[in-house]
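First the structure, in the form of structure tokens, and then the observations on it.
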2 protein chains.
Amino acid sequence: MSQHRHPGAPGRAGAVPALPDLPEATVARLPEYLRALHNLADAGHETVSSEGLAGAAGVNSAKLRKDLSHLGSYGTRGVGYDVALLIDQIEFVLGLTQRRAVALVGVGNLGHALAGYDGFASRGFRIAALFDADASRVGEMINGLVVRHIDELPRVAAEEAISIGVIATPAPAAQAVAEQLVAVGVTSILNFAPCVLSVPDGVDVRKVDLAIELQILSFHEHRKASLTALPAAGGSALTALPGGLATPDTQEAIGT
Amino acid sequence: MSQHRHPGAPGRAGAVPALPDLPEATVARLPEYLRALHNLADAGHETVSSEGLAGAAGVNSAKLRKDLSHLGSYGTRGVGYDVALLIDQIEFVLGLTQRRAVALVGVGNLGHALAGYDGFASRGFRIAALFDADASRVGEMINGLVVRHIDELPRVAAEEAISIGVIATPAPAAQAVAEQLVAVGVTSILNFAPCVLSVPDGVDVRKVDLAIELQILSFHEHRKASLTALPAAGGSALTALPGGLATPDTQEAIGT
DNA sequence: CGCGATTTGTGCACGTCTTCACAAGCGCCT
DNA sequence: AGGCGCTTGTGAAGACGTGCACAAATCGCG
Ligand SMILES: NC(=O)c1ccc[n+]([C@@H]2O[C@H](COP(=O)([O-])OP(=O)(O)OC[C@H]3O[C@@H](n4cnc5c(N)ncnc54)[C@H](O)[C@@H]3O)[C@@H](O)[C@H]2O)c1
Ligand SMILES: NC(=O)c1ccc[n+]([C@@H]2O[C@H](COP(=O)([O-])OP(=O)(O)OC[C@H]3O[C@@H](n4cnc5c(N)ncnc54)[C@H](O)[C@@H]3O)[C@@H](O)[C@H]2O)c1
């Protein structure tokens with residue numbers, strides 16, 4: 001894999017760039033840096049220090065430097081990073097230099113919101129097609145796009161060079177939709193349905209599950225509540241269960 | 001090791017040992033297990049093996065066992081886990097035995113979808129109030145709830161015992177909204193706006209950023225493409241850096 | 001031209017997470 | 001009752017991620 005290929009410029013059409021294979025944690029943070037960088041650029045900054053960028057992105061500055069070091073050295077000691085250059089570099093690494101075409105399947109409640117969201121366009125993506133299985137929705141126009149029947153997926157996928165599929169159907173339909181997407185060559189899927197998708201190797205799936213996020217928050221709420229309500233065993237109506245709550249050593253903030 | 005303590009779980013005979021402080025990674029997976037368990041329960045299963053549950057939740061079985069072991073021993077060797085018991089146990093740990101009240105701020109495109117989503121209710125939450133700053137939206141009914149003006153937050157928060165705040169406003173408004181939420185005692189926030197929130201210690205923030213998810217997928221697409229397209233390397237119009245960009249030729253050896 | 005102020009890049013130590021492998025426990029069957 | 005097969009719970013090892021602390025690099029200035 002690591003071909004020790006010539007480490008030179010990724011740019012300049014012709015040479016296929018040897019992409020450094022970044023730690024997954026780093027990849028997950030790059031978009032955050034990118035957003036912060038765009039804000040800085042809009043605000044007129046030409047350079048930014050690791051400290052400054054880290055602050056804007058909400059991370060530790062050492063972590064940021066290490067992350068950026070993985071894409072090569074683009075900072076100047078004593079000065080910082082060139083904002084515009086870093087934007088280009090990160091966008092290249094993330095594969096955003098082309099405007100990726102996204103297909104959205106399931107134009108219901110959530111799908112409508114997604115289809116109407118302009119945060120896609122401004123961050124490197126283009127919603128290329130909307131699909132639904134419900135005949136009564138087919139033909140509807142949303143944000144300049146017409147809703148097509150899912151059966152048209154193969155044809156449209158070929159036309160539009162779909163790069164990423166977004167699933168916003170009910171959970172029971174998600175697996176079938178995923179298979180349809182994979183069948184037309186989609187190898188990246190963002191899944192909003194609360195279910196596990198099984199896909200062939202080589203296909204990436206990321207999921208967004210709102211309820212999971214809330215439940216994680218709920219856990220921390222529960223824990224915070226049980227810490228403060230500790231002395232009076234289950235006094236308030238907050239915690240349903242009493243419980244021999246032997247709190248271990250935590251240093252979590254108990255502010256306010 | 002862990003001794004059973006109170007046999008007074010919600011409804012069933014679940015025992016609740018001390019509230020352990022779980023590894024964050026485990027907490028993030030518990031909701032996944034919970035969903036899988038509910039599916040199993042609906043399908044009539046009374047017990048499930050770690051292998052079976054792990055499959056349904058899309059994780060490694062050893063990891064699942066270790067995760068569950070953190071909440072005490074609730075499996076039976078040679079048999080597996082009692083589905084109903086495990087559901088109760090996880091719901092307790094996640095603090096879902098009470099129906100947490102959620103306040104949604106920003107009833108726009110996305111907010112409408114969230115307000116109409118029944119996946120909240122079925123997974124332990126209750127949307128208790130909707131808020132917006134736009135006077136023309138105030139008064140609108142969505143799914144049986146009236147949209148209130150954000151200024152009413154303090155009063156409503158007191159009435160409804162808001163446990164979690166959800167921010168679905170544009171990014172520029174998010175920080176202010178977060179502060180308003182914190183001011184009325186909310187210590188858990190789910191943020192959909194693409195920006196970093198700064199909050200006091202003790203307040204948990206989770207963010208959901210759709211564009212970030214897409215960009216992560218894009219990275220992997222890019223990577224996959226550069227691997228397979230390696231031999232050709234012709235001037236395919238696909239992967240060229242934007243013209244204006246001076247070649248970032250400053251990159252030096254990476255794998256020193 | 002050299003010096004001090006500044007900031008990057010990274011070696012290192014530490015903590016967290018994952019995975020394997022297997023002993024111990026449990027139920028069932030004979 | 002005893003043995004057998006199945007499954008859990010966990011020790012240990014390794015992979016991965018984080019953050020400190022500091023040398024090296026660069027700039028601005030006198
Ligand atoms: N609404 C939300 O805020 C929200 C939040 C988080 C997760 N989700 C999840 O997102 C998904 C969609 O939610 P929703 O509220 O939009 O549901 P919805 O029922 O409003 O919309 C689902 C749409 O998918 C279409 N569909 C069904 N089967 C299909 C198929 N095989 N191919 C193509 N289209 C198909 C339906 O016709 C419908 O238009 C659900 O899985 C839901 O759990 C929704
Ligand atoms: N629509 C999507 O699919 C989507 C997807 C991902 C992220 N987001 C993000 O979610 C947020 C909302 O997106 P949207 O498409 O619903 O935007 P929107 O403009 O449709 O809705 C925003 C709503 O927030 C209200 N608002 C503004 N300032 C407020 C304040 N101070 N207090 C209370 N309410 C306020 C506005 O009146 C409006 O109703 C944005 O930050 C967006 O980037 C949206």
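Residue numbers start from 1 in every chain, and the chains themselves are labelled A, B, ... in the order their sequence lines are given, proteins ahead of strands.
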Worksheet item: In chain order, what residues pass the side-chain contact (heavy atoms from CB on, under 4.5 Å) check against B:Arg77, with sequence neighbours excluded?
Response: none
Worksheet item: Partners of B:Glu32 by salt bridge (charged side-chain N to carboxylate O under 4.0 Å, His left out), sequence neighbours excluded?
Response: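 Testing B:Glu32 for salt bridge (charged side-chain N to carboxylate O under 4.0 Å, His left out), a comparison that skips the adjacent residues, returns A:Lys207, B:Arg35.
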Could you give the [atom1]-to-[atom2] distance, from [X] to [N], as a whole number of Å?
X	N	atom1	atom2	result
A:Leu22	D:dT18	CG	C1'	17 Å
A:Asp82	C:dT7	CG	P	16 Å
A:Tyr74	D:dT26	OH	P	15 Å
A:Leu64	D:dG17	CG	C1'	15 Å
A:Leu53	C:dG9	CG	P	12 Å
B:Leu71	D:dT10	CG	C1'	15 Å

Worksheet item: Among all residues two or more places apart in sequence or in another chain, which pass the side chain to side chain donor-acceptor pair (under 3.5 Å) test with A:His45?
Response: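 Partners of A:His45 by the side chain to side chain donor-acceptor pair (under 3.5 Å) criterion come out as none, since no residue qualifies.
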Practice prompt. Please name all residues satisfying side chain to side chain donor-acceptor pair (under 3.5 Å) with B:His70, sequence neighbours left out, ordered by chain then number.
Written response: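 By the side chain to side chain donor-acceptor pair (under 3.5 Å) rule, B:His70 matches no residue at all.
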Discussion item. Considering only residues two or more places apart or on different chains, which pairs with a residue in residues 190-204 of chain A satisfy salt bridge (Lys or Arg N to Asp or Glu O under 4.0 Å)?
Written reply: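 Qualifying pairs: A:Asp204-B:Lys224.
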Fill in: Inter-residue atom distance A:Phe219.CZ - B:Leu22.CG, 0.5 Å rounding
4.5 Å
Can you find a side chain N or O atom of [X] that sits less than 4.0 Å from OP1 or OP2 on [N]?
X	N	value
A:Tyr81	D:dT26	no
A:Ser50	C:dT7	no
B:Ser73	D:dG9	yes

Worksheet, complete the sentence: Counting primed atoms, P, OP1 and OP2 as sugar-phosphate and everything else as base, the B/S/- map of nucleotides 19-29 of chain C against protein heavy atoms under 4.0 Å is BBB--BBBS--
Identify each donor-acceptor pair in which a side-chain atom of residues 167-176 of chain B lies under 3.5 Å from a protein atom, sequence neighbours left out, and give them as a table.
from     : atom 1 : to       : atom 2 : distance (Å)
B:Gln175 : OE1    : B:Ser198 : N      : 3.0
B:Gln175 : NE2    : B:Glu179 : OE2    : 2.8
B:Gln175 : NE2    : B:Ser198 : O      : 2.9

Fill in: Basic-acidic side-chain contact under 4.0 Å: A:Asp21, B:Arg223
yes
Worksheet entry | Nucleic acid contacts of residues 24-46 of chain B, taken as heavy-atom distances under 4.0 Å to DNA chain C |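 Nucleic-acid contacts, sorted: B:Glu24, B:Ala25, B:Arg29.
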Output side-chain donor-acceptor pairs under 3.5 Å for residues 49-65 of chain B, partner residues at least two apart or in another chain, one line each.
from    : atom 1 : to      : atom 2 : distance (Å)
B:Ser49 : OG     : B:Glu51 : N      : 3.4
B:Ser49 : OG     : B:Gly52 : N      : 3.0
B:Ser50 : OG     : B:Arg65 : NH1    : 3.0
B:Asn60 : OD1    : B:Ala62 : N      : 2.6
B:Asn60 : OD1    : B:Lys63 : N      : 3.3

